Amino acid sequence: MITDAQRFQPFSEEPIRLIDQSGAWLGAFPCDLDDATLHAMYRHLVLARAVDERLVLLQRLGKISFTASAAGHEAAQVGTAHALRVGRDWIFPYYRDTALAIAVGWPLVELFGQMMGTRADAARGRQMPAHPGSRDLRIFTVASPIASHLPAATGTAIAQKLAGAGDATVCTFGDGATSEGDWHAALNFAGAQGAPIVFVCENNRYAISVDLRHQTGSDGLAVKAHAYGMPGYLVDGMDLLACYYVMRSLLEAARDGLGPALVEMTVYRYGPHSSADDDSVYRDPAEVAAWRERDPIVRFRRFLTARGGWDEAAERELRAAVTRTVDEAVEAAEAAGPVPVEWLFDDVSSRPTPQLERQRERFRAARRAAGEDVAD
Amino acid sequence: MITDAQRFQPFSEEPIRLIDQSGAWLGAFPCDLDDATLHAMYRHLVLARAVDERLVLLQRLGKISFTASAAGHEAAQVGTAHALRVGRDWIFPYYRDTALAIAVGWPLVELFGQMMGTRADAARGRQMPAHPGSRDLRIFTVASPIASHLPAATGTAIAQKLAGAGDATVCTFGDGATSEGDWHAALNFAGAQGAPIVFVCENNRYAISVDLRHQTGSDGLAVKAHAYGMPGYLVDGMDLLACYYVMRSLLEAARDGLGPALVEMTVYRYGPHSSADDDSVYRDPAEVAAWRERDPIVRFRRFLTARGGWDEAAERELRAAVTRTVDEAVEAAEAAGPVPVEWLFDDVSSRPTPQLERQRERFRAARRAAGEDVAD
Amino acid sequence: MALQTYVQTIARTLMEEMRRDERVVLLGQDVGRRGGVFLATEHLFDAFGPDRVIDTPLSEAAIIGAAVGMAVHGLRPVAEIQFADYVFPGFDQLVSQAAKLRYRSGGAFTAPMVVRMPAGGGVKGGHHHSQNPEAHFVHTPGLQVVYPSTPSDARGCLQTAVRGDDPVVFLEPKRLYRASKEEVPRDVDQLLPVGVGVRRREGDDVVLVSYGASMRETLQAAEALAQQGIAADVIDLRWLMPWDQALVLERVAAVGRVVLVSEAPHSGSMLSEVAATIAEEVLDMLEAPPLRVSGFDTPYPYAQDRAYLPGPNRILYAVQQVLDY
Amino acid sequence: MALQTYVQTIARTLMEEMRRDERVVLLGQDVGRRGGVFLATEHLFDAFGPDRVIDTPLSEAAIIGAAVGMAVHGLRPVAEIQFADYVFPGFDQLVSQAAKLRYRSGGAFTAPMVVRMPAGGGVKGGHHHSQNPEAHFVHTPGLQVVYPSTPSDARGCLQTAVRGDDPVVFLEPKRLYRASKEEVPRDVDQLLPVGVGVRRREGDDVVLVSYGASMRETLQAAEALAQQGIAADVIDLRWLMPWDQALVLERVAAVGRVVLVSEAPHSGSMLSEVAATIAEEVLDMLEAPPLRVSGFDTPYPYAQDRAYLPGPNRILYAVQQVLDY
Ligand SMILES: Cc1ncc(C[n+]2csc(CCOP(=O)(O)OP(=O)(O)O)c2C)c(N)n1
Ligand SMILES: Cc1ncc(C[n+]2csc(CCOP(=O)(O)OP(=O)(O)O)c2C)c(N)n1
Ligand SMILES: [Mg+2]
Ligand SMILES: [Mg+2]
């Protein structure tokens, strides 16, 4: 239930914020979450950061081919995740949403399996790292082409509206994504149909090296909602509770038939765009350092501490548990072993075409002729 | 030179209007155009309507295969045309812009040649009717795919900015076009680059049968400019002088380096979408009749009459001259004769590929074998 | 049974499928009150209302992409692209999303959906209302592609497509929309299996392979040949991916001479695939080269609308060449 | 002369072309300060500034479409698509605008522009960073298509493309960006004519035809064959539209056996076109069927990144088949 005080104003000049840097609560309403929930949120932040760091490490060790760090985006993603009804609402994420996937419960073994392309990957090793997906959790499997998932998200939301079960969809993307034609097509169709969907922009102000000023002439991204007849909200994306409450109220509004919304969460990515990037070419280290000062995890911990019920001991225990969890997951994912070569021929369509069958036969024959192990 | 009073407010609730239905001037500044200019504008309105009616007739007679009437859009188009510096500024029109093309001076023989696909068509009979284009007039040849010309228009405007010669671009389209991804891509890039371009939406509230409510959730179309950091103007598109003055001031601003703008001109199409359409299925005849009452040509004539210098005799003379001009142009365009069959192989690329050469040879041989006249 | 045109058959079949399965929804530009610009969705808005017959904004990416999302949520969307030429703004949604969804999710998600589009020339539409883009889809693994040439085939293939579990690109020969009429059964299932072609005529002198709109000219050519005492075996591929390799190879091997007909541009076309496969698989049985009679490597022209099409004369010329070889 | 990688050659050639002709401008995502994600535009932003090296918004339609408009205004734009897989959101701009502009305007307007895009697999990028979309362009009349396999070819073809009067799709084999090194001349013109292929090896036992990234494996296979005493004639097509039909037909006619290699999906590929043309034109000279060794009719996989590619073993197997035939 959303109280009146928990409804927010669209198109505000200043980002919506509920906790300040020191951890103090700024809200016009009391935080109505219990300790268990708040601690679960914090655990997700810490776990996501730990996973992130491990992925960077695994990439350096050559165990995974690529990683796109979510560090700096965690509050936005975890706040969003907790506002969802997991398993009912649909999630259309993008490649940087590992914290979101973790916070809705994506099993870590699947996560690392996906990253390593082993048999632990529910998607059978089909995609490069950082492409989450889960049928059970209604996470629409990530595709690399920027913004290409948005029209599908709108379609799912329209289907939800037709089904009338009061479910909603969340669709996330970066600031760069807002320039794509598909982004426009999706928001416009959702607006025209009043579909129950919240579009969430994780605005870290860079699309690889291209800064926001080269990306668009608009003053921020929330204002783009004007073009679709939906409200646009500017939110401090380093403030987990601001993200959570805004998303909770908008999802409830969507479920109530009030239609779509656009949320801009201002975040920062601490790492390079990906393991293939060198951000020193286009970002001032001082800028990165300044944003590091505003680490979303630190801020939320301060809030917990200030509120009471969180102390050094709890912190130590959490960190140790998280490390164990990550260690175990990595190990299990790796132990699952590589996917067989011939899996490459499966899942193209409901039944393989005669054309593909023939290709597979010739492939097998060539391997046999070369003395390669066909079973593998 | 634009005076302060001739600058308009973006994002107004009410459309910008300078002449009322009775022909009375409403402007906060005096109309600074001389009689010759005003009469030339009127002549273009009348000529465009006459051409339009002739095209409908020619289509019914089977002399052209298709027509897309501009009736109801004339004031918007002629007003826009007169604000341009013909031959310097670039024009990226769409298929309904016959009045615009006529008003910037597209020779009527070329026009009818294009419509009939005869040798009088400067584009050699390559496209269906209603696809104007002219190198001399800098009219970028119309392509059928909606909104596909917008990114090119932005590119030309960026090139103009780089050239620094103070030229600008006008790009027109319908309300339906605003939903395409290309539309978004073009406005966004123009906004980011501050390119000297004015985007003009001829909003007749229908895309074939789809009304604006199904097209977008936004409140009108001018507000979409918010998404690109440019001003958006709502203009009464049945008011030639409102269109003219708004365009004049925005083109001057663009030339002065103040960047792009979006203009929504509210118009109505009196006819069906095209000769292939039956609008009675989706439009209330009463709605059409109500808009016919507000005919832009009648309104402008009332303005001229009220102002003095235009009377029945002038009107009669104009009508007779226009009919003669149209008659002559149709005749000349038809007399030019059909384009040769083998022209179909030309202008694909700077030099024909060996592949195409071979296809042409086989085509010729087959025709010869069938006893067809190869020369034709 | 009364005669029914191709386009009426589409509308009727959609009506039946929507009655049969309430998960079937339509979306596209003007598919609602207007009933489609060709009337391929006539009466459906009145019958099923705006929730199941959805007029969309003017965006092919929105149409195709939303269909993917609807399919993922359990609906069976049938999307209309107003002209096949206008699929390109939504091409990425077909290629990057619809076609690859099953694969990239390891089978977790699928996109059972149909994307209908009127294709082909001969209607004085110029190059943006006349194209035949099937080769692009055939070259996109994950898509099924079908281009039926008759009303009853259209019905059978549409039933199969709507009830199947894959994204299907469904091309309709717009110049046959009204020109092609047949007695078409109603209210009975007549699903035509995926990937199965059909012999339209039997003969031992030459095999003609075609599909879609060009079937008409191909059959006209076969008729003209028959007058000259030449018996053509005529294969209508119907499905272009998968396509009926077995049937084509069997007939070509038996007859030894083959001419392939379609109106898409020559280079890199569906015909190139069929010809390459023939050369690969039954080379020794060929008495003459497999010749392609196709559109040209030019945009589709306006004034020479008919000349561009592979008409009977061009087909006959090629047949003469393979017979004289 | 020092060795220069493929990607360095692209950057250097662009530098020279921009110095030579101030109408040459670059646009794309990250082409500016970042120098391109593969560094194919390294140093150019510093040398020419933001007016001539334009970082664009994240929209391929904006990039390709704006290039058309720039070209129309007299510039010579070179657009970068970050990965060939991402051309599809801008595909309509290529197909409907760039390719058809000259034709539809009767020659009044042209679009002299180059659209560069790294293509191909073998980089563990999964299906959205590995595709080879050349067949789509080959089937689009009005586009020139080139896919050079070596640094010096890349240089010669890029010079030709930038100075030509047509829209050119310029594919670059990304897995050879660093792997392929050569001594490449600088500051001299070395334009390679449109549509002309090259023989990389001479031999009389079998002809191997390939292009782009797959040239490497094709040459490896030829080397292995040489070890076995089998002499392969190796043709690098370089240009895919127009392509060097004369050279291919001449060699295939002379040798009688041919294997075609490329990593794009099998059905409807460039190889299908070459094979079909061979069958059409030199059937009687064939001692064995023209075999295609290609990618598969699946999206490009991730885990089996290498297995998907037509590697030497698969090529050798096909050669053995045509030799044993
Ligand atoms: C259609 C498309 N074009 C280009 C790319 C290459 N690319 C990958 S990530 C990226 C930048 C995305 O930036 P943004 O949307 O801001 O997300 P962020 O990475 O900053 O979270 C680009 C250009 C792509 N994946 N898809
Ligand atoms: C990409 C594309 N999709 C669909 C069409 C078919 N079509 C032609 S005109 C039209 C409606 C355009 O409406 P609008 O932009 O409002 O212009 P109007 O005709 O009302 O002036 C449509 C859907 C097209 N030409 N291009
Ligand atoms: Mg970003
Ligand atoms: Mg309209």
Side-chain angles (χ1 to χ4, degrees), chain A residues 90 92 121-127 131 133-136 138-145 148-163 167 169 180-182 184-193 195 339 343-344 346-358, chain C residues 23 25 27 51-52 54-75 77 89-90 92-93 95-113 141-144 164-167 194-195 241-246 273 277 281:
Chain A
W90 277 84
F92 287 71
D121 177 13
R124 313 184 85 204
R126 291 276 164 56
Q127 290 204 104
H131 286 59
S134 166
R135 193 191 165 97
D136 294 341
R138 298 198 162 176
I139 302 175
F140 184 78
T141 308
V142 169
S144 319
S148 70
H149 60 310
L150 272 96
T154 291
T156 292
I158 293 172
Q160 287 173 321
K161 188 184 116 189
L162 299 183
D167 296 328
T169 292
E180 280 287 359
D182 283 0
H184 176 68
L187 271 85
N188 189 54
F189 196 14
Q193 286 283 326
V339 299
W343 278 12
L344 89 85
D346 299 338
D347 299 321
V348 179
S349 45
S350 55
R351 239 166 304 162
T353 63
Q355 282 74 21
L356 185 55
E357 292 283 28
R358 213 170 166 74
Chain C
R23 296 172 306 167
V25 298
L27 70 167
D51 279 2
R52 293 184 64 198
I54 304 173
D55 266 329
T56 65
L58 211 169
S59 163
E60 289 72 17
I63 295 168
I64 297 172
V68 172
M70 290 172 163
V72 164
H73 195 269
L75 295 176
D92 189 52
Q93 286 297 320
V95 168
S96 298
Q97 285 289 345
K100 296 181 173 65
L101 181 58
R102 183 188 288 265
Y103 197 74
R104 80 161 187 269
S105 67
F109 298 113
T110 60
M113 57 189 267
L143 299 179
Q144 290 180 350
D165 289 319
D166 297 286
V194 174
M241 184 48 69
W243 59 282
D244 200 340
Q245 199 160 315
E273 179 59 33
T277 305
E281 302 286 346

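All values reported here derive from a predicted model rather than from experimental measurement. Chain identifiers are assigned alphabetically (A, B, ...) following the order of the sequence lines, protein sequences preceding nucleic acid strands; residue numbering begins at 1 within each chain.
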Of all the heavy-atom pairs spanning [X] and [Y], show the shortest one and how long it is.
X: Q127(A); Y: V142(A); result: NE2-O, 2.8 Å
X: P141(C); Y: V348(A); result: C-CG1, 4.2 Å
X: P57(C); Y: A192(A); result: CG-CB, 4.4 Å

I need the residue from [options] with the largest number of non-hydrogen atom pairs under 4.5 Å to chain A.
options: L75(C), V68(C), V72(C); answer: V72(C)
options: M70(C), R104(C), R52(C), Q93(C); answer: R104(C)
options: S105(C), A99(C), S59(C), G74(C); answer: S105(C)
options: D165(C), T56(C), D244(C); answer: T56(C)
options: E60(C), K100(C), H73(C); answer: H73(C)

Under 4.5 Å from any heavy atom of chain C - which part of [X]:
X: H149(A); value: both
X: Q160(A); value: both
X: A186(A); value: neither
X: A195(A); value: neither
X: I139(A); value: backbone
X: D346(A); value: backbone

Can you tell me which portion of [X] sits under 4.5 Å from chain A's heavy atoms? Options are side chain, backbone, both or neither.
X: L143(C); answer: neither
X: E273(C); answer: neither
X: D51(C); answer: both
X: I54(C); answer: side chain

Item to check | CZ (R135(A)) with more than 12 external heavy atoms under 6.0 Å | outcome: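 Not buried by this count: 12 neighbours or fewer within 6.0 Å.
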Donor-acceptor pair, side chain of [X] and main chain of [Y], under 3.5 angstrom:
X: Q355(A); Y: W243(C); result: yes
X: R124(A); Y: G106(C); result: no
X: E357(A); Y: P352(A); result: no
X: R138(A); Y: T169(A); result: no

Checklist entry - Out of curiosity, Y103(C) OH to L344(A) CG, how far, rounded to the nearest 0.5 Å? => result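 Between Y103(C) OH and L344(A) CG, I get 5.0 Å after rounding to 0.5 Å.
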Next on the checklist: Any non-hydrogen side-chain atom of E180(A) less than 4.5 Å from a side-chain atom of L150(A)?
Outcome noted: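 Of all side-chain heavy-atom pairs linking L150(A) with E180(A), none is under 4.5 Å.
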Checklist entry - Could you walk me through whether F140(A) and L101(C) pass the side chain to side chain contact (heavy atoms under 4.5 Å, CB included) check? => result CA-CA 9 Å; F140(A) 184 78; L101(C) 181 58; 3.8 Å; yes
Counting heavy-atom pairs closer than 4.5 Å to chain C, which one of [options] comes out on top?
options: S349(A), A122(A), A153(A), P145(A); value: S349(A)
options: D182(A), N188(A), D121(A), T154(A); value: D182(A)
options: S350(A), A185(A), A159(A); value: S350(A)
options: G125(A), S134(A), A152(A), S144(A); value: A152(A)

Checklist entry - When you look at M113(C) and I64(C), which way does the side chain to side chain contact (heavy atoms under 4.5 Å, CB included) test go after all the steps? => result CA-CA 9 Å; M113(C) 57 189 267; I64(C) 297 172; 4.0 Å; yes
